[in-house]
Amino acid sequence: MTLHLKKAELHCHIEGAAPPALALAQADKYGVDVSGLIEDGSYVWTDFSEFIVCYDRVASLFRTEEDYATLAETYLTELSAAGTIYSEIIVSPDHGNTIGIGADAYLRGLAAGIEAAKAATGIEGRMIITIIRHLGGEPAERTAFYAARRDHPLVTGFNLAGEERMYRVADFARAYDIARDAGLGLTIHAGEMAGADSVRDALDIVRPSRISHGVRAIEDADLVRRIAAEGVVLETCPGSNIALGVFPGFHAHPLRALRDAGCRVTLNADDPPFFHTSLAQEYDIASEVMGFADAEIDAMTRTAIEAAFVDEDTRAMLLSKL
Ligand SMILES: Nc1ncnc2[nH]cnc12
Ligand SMILES: [Zn+2]
């Protein structure tokens with residue numbers, strides 16, 4: 001067990017953190033039929049494409065500012081109970097537009113949830129605005145402009161999620177330029193559903209300080225050396241990778257190999273209930289299944305705080321808690 005260890009998370013999609021029980025309550029509230037979506041208390045999907053459809057259906061059950069406040073507060077409160085001091089949630093203002101409340105109300109609701117959790121538990125939270133790869137470059141640029149104009153201090157980063165096998169990183173270069181110019185921290189999903197080339201493109205074109213996943217860099221030794229040399233931080237999500245079939249089991253997961261090669265690695269849950277995991281479980285697996293010592297896991301937590309998209313006073317405060 002790793003309950004005694006402090007934890008930090010850089011990579012969790014907030015709609016992907018909705019516990020099935022909360023999604024069921026939301027479905028009840030809005031009279032939505034969830035057969036085929038939730039069965040026996042679990043989300044139903046079989047591959048990445050179905051997972052994305054399932055994810056979007058769950059997201060559509062959250063329809064008001066208050067719903068989003070509840071979602072963020074529920075997740076961060078659960079994290080805090082497991083010893084988590086910091087969490088970055090990946091948020092999608094496009095969902096706010098899809099459900100009709102607009103991006104501002106969507107972010108306001110999430111921020112209220114983050115602040116409520118902080119008031120109750122002390123957990124620090126930030127929001128990373130994501131663009132959606134399978135929607136293409138044009139909506140991404142609109143979202144990047146929105147993110148650049150952000151007027152909320154809890155919005156500190158920018159990400160690209162969605163179907164990695166669609167479009168090219170270059171299609172999102174302009175969106176990333178806009179986010180970079182606005183001073184947002186940059187990370188990008190790469191090396192999850194696509195291989196080393198995708199990670200190399202992400203490094204060359206986006207120049208991020210972090211990569212969301214990045215684990216398939218292991219397919220190219222030169223690329224692993226480059227990630228280590230450049231100090232790019234990998235937001236690894238082992239449970240997610242196993243659930244999505246990226247690797248056949250934890251024994252085959254490259255977390256240890258990447259760490260041993262000098263890459264800076266962190267532990268994250270991605271979309272925890274969809275992948276039957278939690279941040280606490282990712283820490284437990286690192287300890288009990290992958291055999292990392294407590295000091296090695298603490299080093300990953302420290303790396304997460306070092307790479308967090310926060311101001312330096314907040315970083316110092318978080319580091320002092322470790
Ligand atoms: N694991 C994942 N990869 C890419 N996009 C996502 N959106 C939500 N979860 C994701
Ligand atoms: Zn992700």
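Keep in mind it's a predicted model, so treat the numbers as computed, not measured. Side chains are part of it too, since the values below use all heavy atoms of this structure and drop only hydrogens, waters and symmetry mates. Both ligands and their constituent atoms are indexed starting at 1 by order of listing.
Short contacts between ligand 1 and D270, defined as distances under 4.0 Å to a heavy atom of the residue, involve ligand atoms 1 (N), 2 (C).
When only interatomic distances are considered, the shortest N/O to N/O separation between D271 and ligand 1 falls below 3.5 Å. Among the atoms of S240, none of the N or O lies under 3.5 angstrom from an N or O of ligand 1. Distances between N or O atoms of G162 and those of ligand 1 include at least one value under 3.5 Å.
H13 contributes atom NE2 as its closest N/O/S atom to the Zn ion (ligand 2).
Ring geometry, F51 versus Y55: the interplanar angle exceeds 60°, so the pair is classed perpendicular (tilted spans 30 to 60°).
Here C237 fails the criterion, with no N, O or S atom under 2.8 Å of the Zn ion (ligand 2). Residue contacts to the Zn ion (ligand 2): H213 brings no N, O or S atom closer than 2.8 Å. At a cut-off of 2.8 Å, C12 is not counted among the residues with an N, O or S atom near the Zn ion (ligand 2).
Using 4.0 Å as the threshold, F51 has a heavy atom nearer than that to some atom of ligand 1.
S212 pairs with exactly one of N159, I188, T236 by the side chain to side chain contact (heavy atoms under 4.5 Å, CB included) rule, that one being N159.
Cluster membership for I90 and Y68, using ILVMFWY side-chain heavy atoms within less than 4.5 angstrom, is not shared.
H13 CE1, 3.7 Å is the protein heavy atom nearest to atom 6 (C) of ligand 1. For atom 3 (N) of ligand 1, the closest non-hydrogen atom of the protein is E192 OE1, 2.7 Å.
Annotation: cation-pi geometry satisfied between R63 and Y30 (NZ/CZ under 6.0 angstrom from ring centroid, within 45° of ring axis). For the pair R210 and F309, the distance from NZ or CZ to the six-membered ring centre is under 6.0 Å and the angle to the ring normal is within 45 degrees.
Between E230 and R207 there is no salt bridge, since no side-chain nitrogen of the basic residue lies less than 4.0 Å from a carboxylate oxygen of the acidic one.
At a threshold of 4.5 Å between non-hydrogen side-chain atoms, the residues V215 and L234 do not count as touching.
A donor atom on one side chain and an acceptor atom on the other are found under 3.5 Å apart for T277 and E282.
Here the straight-line distance linking atom CD1 of I114 with atom OH of Y75 works out to 12.0 Å at 0.5 Å rounding.
One finds an angle of 80° at the Zn ion (ligand 2) between OD1 on D270 and NE2 on H11, to the nearest 10 degrees.
Using a 4.0 Å cut-off between heavy atoms, E164 makes no contact with ligand 1 at all.
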